[in-house]
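First comes the structure, then the notes that go with it.
The model shown is predicted, which means the values in this text are computed figures rather than measured ones. Whatever order the structure lists them in is the order used to number ligands and atoms, beginning at 1.
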Amino acid sequence: MSYRVALNFEDGITRFIDVKDGEKLLDAAYRNKINLPMDCSDGVCGTCKCRCEAGAYELGDEYLDEALTADEAAQGMVLTCQMVLKGDCTIAVPMTSSACKIKPAQQHGSIMEVAQLSPSTILLKLALEQPAEFLAGQYVQLDIHGTGQSRAYSFSTKPGTKEAGFLIRNVPGGRMSGWLSAGAKRGDKMSFTGPFGSFYLRAVERPVLMLAGGTGLAPLLSMLEVLAENGTDQELHLIYGVTRDGDLVETDRLDDLAARLPSFSWTSCVADPQSPHPRKGYVTEHLAGTPVEAGECDVYLCGPPPMVEAVRQSFAVRGFTPSRFLYEKFAVSVAA
Ligand SMILES: Cc1cc2nc3c(=O)[nH]c(=O)nc-3n(C[C@H](O)[C@H](O)[C@H](O)COP(=O)(O)OP(=O)(O)OC[C@H]3O[C@@H](n4cnc5c(N)ncnc54)[C@H](O)[C@@H]3O)c2cc1C
Ligand code: FES
């Protein structure tokens, strides 16, 4: 028997490894050629201290309080040289991946489907050689066919399958989106590097508000797929904001998620003042009646940088501080 562990490094790179039943996490990492921080390997120095963000484990009682205090242990800090897993875990490592001598993984596949969902949005589905390993919400760097360049895109599908989906904004003059709309066809080979990022689903312990701007819906769809599979009784609400009516995509999929996950509801809004949509304006104008008003909730926010900043400012004006606030800005790639 073994457990799957996601090691999420300080620079956002994530690597997955198998840990055998009864094996210490530090030993499993070394077996996988990952040099996690350590000095004594004996529960004395505290150098191997990391944070466990999800999953079940035991630390035993053979380590010193100087290495890990009871308070730290209660807050989810762990000593990897002592940690024995009792389930799959996500571990935040307070070091860069290069300091631990690892490079991001490469994945290969081919296009299963490339479709124009709307004038502004392309659906890309890849058939992968191996199941995609990532934490729901994370992104990869997709190589642009024959150019040596890549662009960041978040998975819109759930982890662990050989089918990977992405929602890609059709940017006028864009290298990736231009190739996908004009030249790409079923069967074309594609590769990516990753996964990356700290915008991923955490344990759902209170109501959750999700805010999406345009293709910022993608990582939230991935999270919702995982939640629909695992189930939760906590209230989940999504506000999906777009610029024009034609930008609203994957609405059937959202309805299907709401049917599978009874505590989930969603609404949309359209910024265009000419729109016939019943909710016009930006997501910040539609927070009434959401978990924000009840006070305690986690917020997941994803979209173009101005939208993310507008939401942050709107929360500040309201004096609202989410219990947990995770956001991702879909910034233009550096190469662009
Ligand atoms: C962490 C992360 C995750 C991301 N995930 C996604 C995702 O899931 N889906 C998605 O659609 N995008 C996502 N993006 C954004 C995506 O990587 C960029 O939009 C991408 O660079 C556009 O690629 P392109 O090759 O089509 O256009 P480029 O060739 O990069 O750009 C062409 C021209 O358009 C401009 N431009 C590029 N993007 C925009 C834009 N959004 N708005 C206005 N002008 C622009 C550029 O400055 C350039 O002049 C993500 C970005 C980051 C940082
Ligand atoms: S390596 Fe020293 S406490 Fe773990």
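Atoms of ligand 1 lying under 4.0 Å from any heavy atom of Glu328, numbered from 1 in the order shown and given with element: 1 (C). Residue Ile168 approaches ligand 1 through these ligand atoms, each under 4.0 Å from one of its heavy atoms: 11 (O). Residue Tyr139 approaches ligand 1 through these ligand atoms, each under 4.0 Å from one of its heavy atoms: 1 (C). Atoms of ligand 1 found under 4.0 Å from any heavy atom of Lys329 (numbered from 1 in listed order, with element): 52 (C), 53 (C).
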Report task. Evaluate the side chain to side chain donor-acceptor pair (under 3.5 Å) criterion for residues Gln106 and Ser191: first the C-alpha distance (whole Å), next the side-chain angles of each, then the deciding distance (0.1 Å), finally the verdict. Result -> CA-CA 7 Å; Gln106 266 240 320; Ser191 303; 5.1 Å; no
Query raised in the report: Which is it for Glu53 and Thr90 under the side chain to side chain donor-acceptor pair (under 3.5 Å) test, yes or no, and what are the steps along the way?
Result: CA-CA 5 Å; Glu53 298 200 315; Thr90 303; over 6 Å; no
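Gly183 and Asp188 make their closest contact through O-OD2, 4.1 Å (heavy atoms, listed as atom of the first residue, atom of the second, distance).
Checked against a 6.0 Å centroid threshold, the rings of Phe199 and Tyr327 do not count as neighbours. You'll find the ring centres of Tyr139 and Tyr153 outside the 6.0 Å limit.
Other residues, nucleotides and ligands contribute more than 12 heavy atoms inside 6.0 Å of the CD atom of Glu205.
In terms of the side-chain contact (heavy atoms from CB on, under 4.5 Å) criterion, residue partners of Asp11 (sequence neighbours excluded) are, by chain and number, Phe9, Ile13, Thr96, Ser97. Take Glu229 and apply the side-chain contact (heavy atoms from CB on, under 4.5 Å) test, not counting sequence neighbours, and it matches Lys158.
Residue contacts with ligand 1: Gln149 is excluded, as none of its non-hydrogen atoms falls under 4.0 Å. Ligand 1 is approached by Gly173 to a heavy-atom distance shorter than 4.0 Å. Ligand 1 is never approached by Phe166 to a heavy-atom distance shorter than 4.0 Å. Look at Ala331 and you'll find a heavy atom under 4.0 Å from some atom of ligand 1.
Considering backbone and side-chain N/O atoms, Leu167 comes within less than 3.5 Å of an N/O atom of ligand 1. For ligand 1, the polar-atom distance check against Met176 finds a nitrogen or oxygen pair separated by under 3.5 Å. Geometrically, ligand 1 and Phe330 share no nitrogen or oxygen pair separated by less than 3.5 Å.
Side-chain atoms of Asp247 and Ser118 form no donor-acceptor pair, as typed in the model, at a separation below 3.5 Å.
The residue among Gln138, Arg175, Gln141 with a heavy atom at the shortest distance from atom 29 (O) of ligand 1 is Arg175.
Listing protein N, O or S atoms at distances below 2.8 Å from atom 2 (Fe) of ligand 2, with waters left out, gives Cys40 SG, Cys45 SG.
When non-hydrogen atoms are compared, ligand 1 lies under 4.0 Å from neither the backbone nor the side chain of Asn170.
Under the 4.5 Å side-chain heavy-atom criterion for grouping Ile, Leu, Val, Met, Phe, Trp and Tyr, Leu59 is connected to Leu26 within one hydrophobic cluster.
Through side-chain heavy atoms spaced under 4.5 Å, either directly or across other Ile, Leu, Val, Met, Phe, Trp or Tyr residues, Tyr200 is tied to Phe16, Leu135.
Going from atom CG of Asp143 over to atom OG1 of Thr193 covers 5.5 Å, rounded to the nearest 0.5 Å.
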